[in-house]
Amino acid sequence: LLYNRAMHPAGVWVFLVALLFESAMPAHADSQGRTPSGPVGASMALLATLQDAGILPPEGSPEANRVIQAVIQFQGLFMKGADPAVRQFVDQALETKYAARAEAVGTEFRKNGWTSEVVEAVCDHYAEISAQERAQLTGSFARVNMRQEDFELLRGLYTRARSTFDQQGRSIHRVFAEHRRAMPGGKQFDRKEKRDGDEGVHTHQGEDGLYQGGAAGVEEARWSRTG
């Protein structure tokens with residue numbers, strides 16, 4: 001992976017996703033060995049959104065790597081996992097949250113990766129399920145070497161970010177959407193907004209300018225896979 005080292009240092013956060021993506025979820029590679037840009041860009045956008053809320057651990061720390069791996073691995077598991085308990089959990093989360101829209105939201109997710117709608121649905125639904133259902137999920141996670149604690153970490157971060165944005169009078173979905181458009185595979189979201197009308201999606205830039213270089217600079221980065 002090559003990236004523009006002149007970018008704002010905070011922008012390196014999202015590029016760590018691509019460095020870990022292939023080793024964390026090799027099943028994402030297509031028949032020619034390439035990693036689809038949609039799931040990579042979706043993971044990056046989620047991390048950028050959490051960073052915008054100011055709740056991520058320092059870049060390069062073990063805690064930071066744990067967050068990145070949780071974002072990547074649970075995206076892959078929920079997108080492609082064949083385990084009945086996992087599939088039922090995701091489907092019920094979407095149905096509970098979005099009713100008639102659930103199938104469309106799920107289809108988009110399983111094609112292109114995280115949306116803020118899906119993250120919100122699975123995080124909120126997890127808080128509502130029984131202890132027995134949580135135990136089933138824990139077993140499903142363990143079978144693919146994943147931990148319940150890591151999903152709870154991801155859930156906690158999303159919940160805190162949403163609360164932070166709510167207090168600022170901002171929508172986490174709009175923050176995510178702007179980051180998603182700037183990430184790999186994001187051009188289709190530009191086309192969708194032009195077709196459906198721009199709803200004023202925006203993101204807040206703090207005084208330190210976090211992600212002014214990271215998100216906007218993604219288009220300047222050159223992606224390549226070696227080996």
Side-chain angles (χ1 to χ4, degrees), residues 13-14 17-18 21 24-25 28 35-53 55-56 67-81 86-127 151 153-166 170-204 211 214-215 218:
W13 236 111
V14 292
V17 175
F21 199 92
M25 287 304 301
H28 276 298
T35 301
S37 62
V40 174
S43 294
M44 286 176 156
L46 178 54
L47 285 166
T49 300
L50 298 177
Q51 176 76 349
D52 234 11
I55 61 172
L56 290 181
V67 173
I68 294 172
Q69 289 183 336
V71 167
I72 295 169
Q73 290 177 328
F74 282 102
Q75 174 180 254
L77 179 63
F78 292 157
M79 282 178 69
K80 305 295 185 181
V86 171
R87 185 80 182 197
Q88 182 179 25
F89 169 72
V90 175
D91 289 346
Q92 287 183 346
L94 298 180
E95 289 167 5
T96 299
K97 192 79 173 178
Y98 302 114
R101 292 182 54 230
E103 183 175 355
V105 172
T107 298
E108 174 68 21
F109 166 60
R110 290 179 172 114
K111 178 180 179 182
N112 292 312
W114 287 130
T115 67
S116 55
E117 290 181 313
V118 172
V119 180
E120 185 161 291
V122 295
C123 289
D124 288 352
H125 188 58
Y126 184 81
F151 180 69
L153 169 66
L154 178 59
R155 176 178 173 269
L157 288 170
Y158 181 86
T159 302
R160 287 171 57 197
R162 180 174 59 185
S163 177
T164 296
F165 292 132
D166 286 346
R170 301 158 62 202
S171 165
I172 193 170
H173 301 299
R174 292 189 175 197
V175 174
F176 178 91
E178 179 164 299
H179 284 303
R180 185 67 192 91
R181 291 200 309 272
M183 298 301 175
K187 290 184 179 180
Q188 64 177 302
F189 297 98
D190 279 331
R191 291 195 296 269
K192 183 179 186 301
E193 287 196 355
K194 289 176 182 177
R195 183 177 68 248
D196 298 343
D198 188 353
E199 296 181 356
V201 175
H202 66 281
T203 186
H204 172 74
Y211 280 92
V218 170

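Remember, predicted model here, so these are calculated numbers, not experimental data. By convention here, the first residue in the shown sequence is residue 1. Just so it is clear, the values below take in all heavy atoms, side chains as well, and ignore hydrogens, waters and symmetry mates.
Put simply, the side chain of V119 does not reach to within 4.5 Å of the side chain of F176, judged on heavy atoms. For the pair E120/H173, a side-chain contact is recorded, criterion being any heavy-atom separation below 4.5 Å from C-beta on. Using a 4.5 Å heavy-atom cutoff, the side chains of F151 and F78 are in contact.
Across G38 and R180, no two heavy atoms sit closer than the pair O-NH2, 3.1 Å. Listed here is the closest heavy atom pair of S116 and Y158: O-OH, 3.5 Å. The nearest pair of heavy atoms linking L154 to A70 is CD2-O, 4.2 Å. Across every non-hydrogen atom of G106 and L94, the tightest pair is CA-CD1, 3.5 Å. Closest non-hydrogen pair, G113 versus Q75, comes out as CA-OE1, 3.4 Å. A42 approaches N112 most closely through the heavy-atom pair CB-O, 3.7 Å.
Taken to the nearest 0.5 Å, the CD1 atom of I72 stands 9.0 Å off from the CE atom of M44. Remark: I172 CD1 to T164 OG1 distance equals 8.5 Å, nearest 0.5 Å. For the atom pair CD (E103) and CD (E108), the distance works out to 13.0 Å, reported to the nearest 0.5 Å. Taking CG of L50 as the reference point, atom CG of L157 lies at 5.5 Å (rounded to 0.5 Å). Rounded to the nearest 0.5 Å, atoms CZ (R160) and CD1 (I55) are 5.0 Å apart.
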- Item | Worked check of side-chain contact (heavy atoms from CB on, under 4.5 Å) between K97 and H125 | CA-CA 8 Å; K97 192 79 173 178; H125 188 58; over 6 Å; no
- Task: Assess whether side-chain contact (heavy atoms from CB on, under 4.5 Å) is satisfied between D124 and R162, documenting all intermediate values.
- Result: CA-CA 12 Å; D124 288 352; R162 180 174 59 185; 3.1 Å; yes
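Qualifying side-chain hydrogen bond (donor to acceptor under 3.5 Å, both in side chains) partners for S163, counting only residues two or more places apart in sequence or in other chains: Q167. Scored by the salt bridge (Lys or Arg N to Asp or Glu O under 4.0 Å) test, R155 finds no partners at all (sequence neighbours excluded). Partners of D91 by salt bridge (Lys or Arg N to Asp or Glu O under 4.0 Å), not counting sequence neighbours, listed by chain and number: R87, R110. In terms of the salt bridge (Lys or Arg N to Asp or Glu O under 4.0 Å) criterion, residue partners of R101 (sequence neighbours excluded) are, by chain and number, E117. By the side-chain hydrogen bond (donor to acceptor under 3.5 Å, both in side chains) test, Y126 is found to be paired with Q148, E152, residues two or more places apart in sequence or in another chain being considered.
Checked by atom type and distance alone, the side chain of R170 never pairs as donor or acceptor with a backbone atom of R174 at under 3.5 Å. Looking at Q51, its side chain never comes within 3.5 Å of a backbone N or O of L56 through a donor-acceptor pair.
Using modelled atom types, one finds no donor on one side chain facing an acceptor on the other under 3.5 Å when comparing T49 with H179.
Contacts classified as ring-ring contact (aromatic ring centres under 6.0 Å, His included) and involving residues 91-112 (residues at least two apart or in different chains) are given here: F109-W114.
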